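Quick notes on the structure that follows.
Values in this document were obtained by computation on a predicted structure and should not be read as measured data.
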Amino acid sequence: MTKHRLIIGADLSGSRPEICYYDKTTKQSAALPMKIGNYNVTLTELFEKSAGDEESSRTVADLFREVFRTFGIEEIPREIVGMTVTFPKVDAKMVRMIRRAFELLEIPRSRTYVQDYSESFYSYMAYQKKELWNRGAALFAFEKNRVQFFRFASGTARHSLLIRVGSLDPCDLPQDPEQKDHTFAEYVRSSIGDGIYSSVFITGEGFDESWADESKRILCARGRRVFTEDSVFVKGACNAARERFDEKKLTGVKCLSDSIVPYNIGMDMIVGGKMAYYPLITGGSHWYNTTCDCEFLLGSKKELEFQVSGVETGGRYSAVMKLDGLPDRPGGTTRLRLHMEFTGERVCTAEVTDLGFGELFPASGKTWKEELGDVR
Amino acid sequence: MSECMLCQTRRAEHPYLIGSIGLRVYSVEELLYFIEHNIALLDETILNGDLVRWMKEELRMRRLAVNLSMVMQRKFSVREFVLPIFREVHYPDDETIRKIDEELKKAEEQPSAVRTKERGDALFRYGRYLLAIDAYRAAMEEMKDTGLGDSFRGILWHNIGCAHARLFQLEELVSCMEKSRDLLQTDEARDSWLFAVLLRDGSEGLAKTALASGIDGSVTRAVEKRAEELGTPERPADLEKFLIDEVRAYHRNTGM
């Protein structure tokens with residue numbers, strides 16, 4: 001029996017989950033709705049029935065197992081080279097759930113990834129010809145009577161190609177065709193206005209040229225090229241998997257999206273006997289995937305100084321965290337545990353615990369928490 | 001150490017016990033801090049194969065453990081054993097490590113009786129009075145073939161007496177202070193002996209002893225005045241806990 005070597009992208013959102021595969025052996029790819037046998041899958045129903053992360057994880061794992069069986073995949077860990085799952089928005093709970101589903105499928109974590117729609121749009125565009133994005137690209141994603149705008153902008157930062165992707169809040173469209181056209185036109189005006197874009201894409205179900213006279217005029221203004229394209233996000237997720245686990249065509253390109261941490265956080269401290277900048281949080285990864293844990297000995301001051309620098313700008317500033325109430329001890333005899341994680345897209349929380357110094361200077365057990373705030 | 005320092009080794013799940021003072025250390029930095037402040041206590045009861053095994057298994061410092069094992073294959077000095085640990089960890093800082101190195105060199109150059117006496121002093125500070133007495137007596141044996149004379153011996157007897165005092169062993173206290181007085185022949189040594197007699201026999205006993213020794217009443221009055229000036233200790237808030245802790249410390253010290 002032929003063994004496949006597939007790279008998979010999956011869009012698990014809403015009422016029309018999709019899957020896109022790229023076969024490394026045959027170099028063929030396709031995007032299609034997720035089906036079990038001849039039945040389309042509706043994830044909204046499945047998630048509503050599930051209670052808690054473990055049940056949701058099992059549901060998703062079972063779903064994938066059945067879908068892969070439809071493809072003729074028998075040995076999932078061997079035949080799936082890499083996989084990316086995409087959602088409109090991702091949070092830490094969702095990441096945990098999907099990771100657990102991958103564990104149940106026995107696909108190693110190193111071969112899986114989760115990303116949001118903005119990043120999937122980036123992965124989709126980055127694999128298109130440069131002329132379609134070199135002056136920016138726009139996407140209007142429809143789901144029935146709701147539309148959301150996504151932007152892809154290219155630039156350079158410190159000799160690297162920097163891509164910034166973002167989105168606006170979605171817009172609900174009225175049922176009446178004339179009002180729908182006008183509302184969508186206003187939304188287009190507010191999102192791309194008279195801007196120059198190499199391309200504008202429309203994807204999803206809900207757009208029809210028959211009601212979009214005013215909208216089309218605005219979309220096509222300034223000579224913009226407008227394309228309708230199915231399944232942009234799931235294709236983008238599949239491209240992301242190809243990039244991550246196989247082709248690596250985008251080495252040196254940095255992508256910044258709303259979910260990507262746009263700054264580095266570190267501390268100047270003694271490492272291996274020498275004063276050095278020690279990175280705690282490195283920008284460029286997703287906020288929901290970004291944590292830091294370390295232990296260090298406090299110097300003579302009862303405070304910590306974090307160095308925050310922007311990935312894009314390189315500008316640097318200090319954030320001081322005071323450790324009020326820490327017992328008096330000689331310098332170098334207070335061991336502190338530092339845990340950092342993001343509680344939101346722009347908010348990094350630092351939690352410090354006093355571990356004392358063994359029996360020489362017993363731990364007070366005190367903890368301090370500080371939000372490093374909305375840093376840009 | 002003015003700046004923060006990253007901990008690059010883990011803390012141990014099972015501590016290393018420094019038996020002479022009953023201290024458990026959980027990290028290499030704690031070990032080095034102890035070494036820095038207790039050079040006099042460093043001997044084969046601490047710097048040995050058990051320590052090397054602990055560093056290898058608990059702290060995962062395998063390369064250092066291999067190096068120390070090689071040092072232990074021959075006769076080695078304290079300096080040869082501890083300096084590689086300091087240099088591996090860079091704690092507390094390079095400047096302090098240089099000073100510790102100097103101290104270790106000076107200690108190596110001292111007569112062994114002096115090193116042993118200092119070990120006794122360190123044990124005394126940690127409240128290990130019986131071990132301190134053993135160290136002082138060992139120092140007395142070691143000084144036999146050295147140039148250290150009566151004044152050194154007198155100091156040793158004085159310190160042994162102080163250790164007995166902490167163990168409420170007043171007969172031994174008086175005996176030691178008497179020997180110290182005879183060797184040192186100073187007013188301070190005489191007064192220490194008289195103070196010991198006061199503790200054991202009270203004011204009447206002190207007066208009788210002074211008379212028998214031909215000591216002027218003004219001297220004994222001065223000793224009694226100093227005793228009064230010490231005042232009465234405050235009664236602990238939790239007397240029962242205090243007594244239990246003191247009894248435990250006593251048993252720990254005497255092995256009884």
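- Most heavy-atom pairs under 4.5 Å with chain B: of the set A:G272, A:C294, A:P330, A:A276, this distinction falls to A:G272.
- Residue A:E106 places its CD atom among 12 or fewer non-hydrogen atoms of other residues, nucleotides or ligands, all under 6.0 Å distant.
- Scanning both residues, B:S27 and A:R335, for their nearest heavy atoms gives CB-NH1, 3.7 Å.
- Heavy atoms of other residues, nucleotides or ligands lying less than 6.0 angstrom from CE of B:M70 number 12 at most.
- In this structure, A:Y278 and B:C4 have side chains that are not in contact, with every pair of non-hydrogen atoms separated by 4.5 Å or more.
- In this structure, chain B has a heavy atom under 4.5 Å from the side chain of A:L304, while its backbone stays farther away.
- For A:K366, the NZ atom sits in a loose shell: 12 or fewer heavy atoms of surrounding residues, nucleotides or ligands are nearer than 6.0 Å.
- Applying the 6.0 Å contact sphere to NZ of B:K106 captures no more than 12 heavy atoms from other residues, nucleotides or ligands.
- Closest heavy-atom contact between A:L360 and B:E30: CD1-O, 3.8 Å.
- Within a 6.0 Å sphere centred on CD of B:E13, other residues, nucleotides and ligands contribute 12 heavy atoms or fewer.
- Around the NZ atom of B:K56, the shell of radius 6.0 Å holds no more than 12 heavy atoms that belong to other residues, nucleotides or ligands.
- No donor-acceptor distance shorter than 3.5 angstrom exists from the side chain of A:E295 to the backbone of B:C7, with no hydrogens or angles considered.
- Other residues, nucleotides and ligands contribute over 12 non-hydrogen atoms within 6.0 Å of the CD atom of B:E95.
- Annotation: maximal heavy-atom pairing with chain A below 4.5 Å, among B:R11, B:R87, B:E29, B:R10, occurs at B:R11.
- Separation of atoms CD (A:E359) and CG (B:L17) is listed at 8.5 Å; rounding is to 0.5 Å.
- By the neighbour-count criterion of 12 heavy atoms within 6.0 Å, atom CZ of B:R74 is densely surrounded, having more than that number from other residues, nucleotides or ligands.
- Each of A:F296, A:F357, A:F361 has some count of heavy-atom pairs under 4.5 Å with chain B, and the biggest count is that of A:F357.
- B:Y91 contributes a side-chain N or O that, together with a main-chain N or O of A:G332, makes up a donor-acceptor pair within less than 3.5 Å.
- Within the 4.5 angstrom heavy-atom criterion, no atom of B:T96 approaches chain A.
- Taken to the nearest 0.5 Å, the CD atom of B:E3 stands 7.5 Å off from the NZ atom of A:K301.
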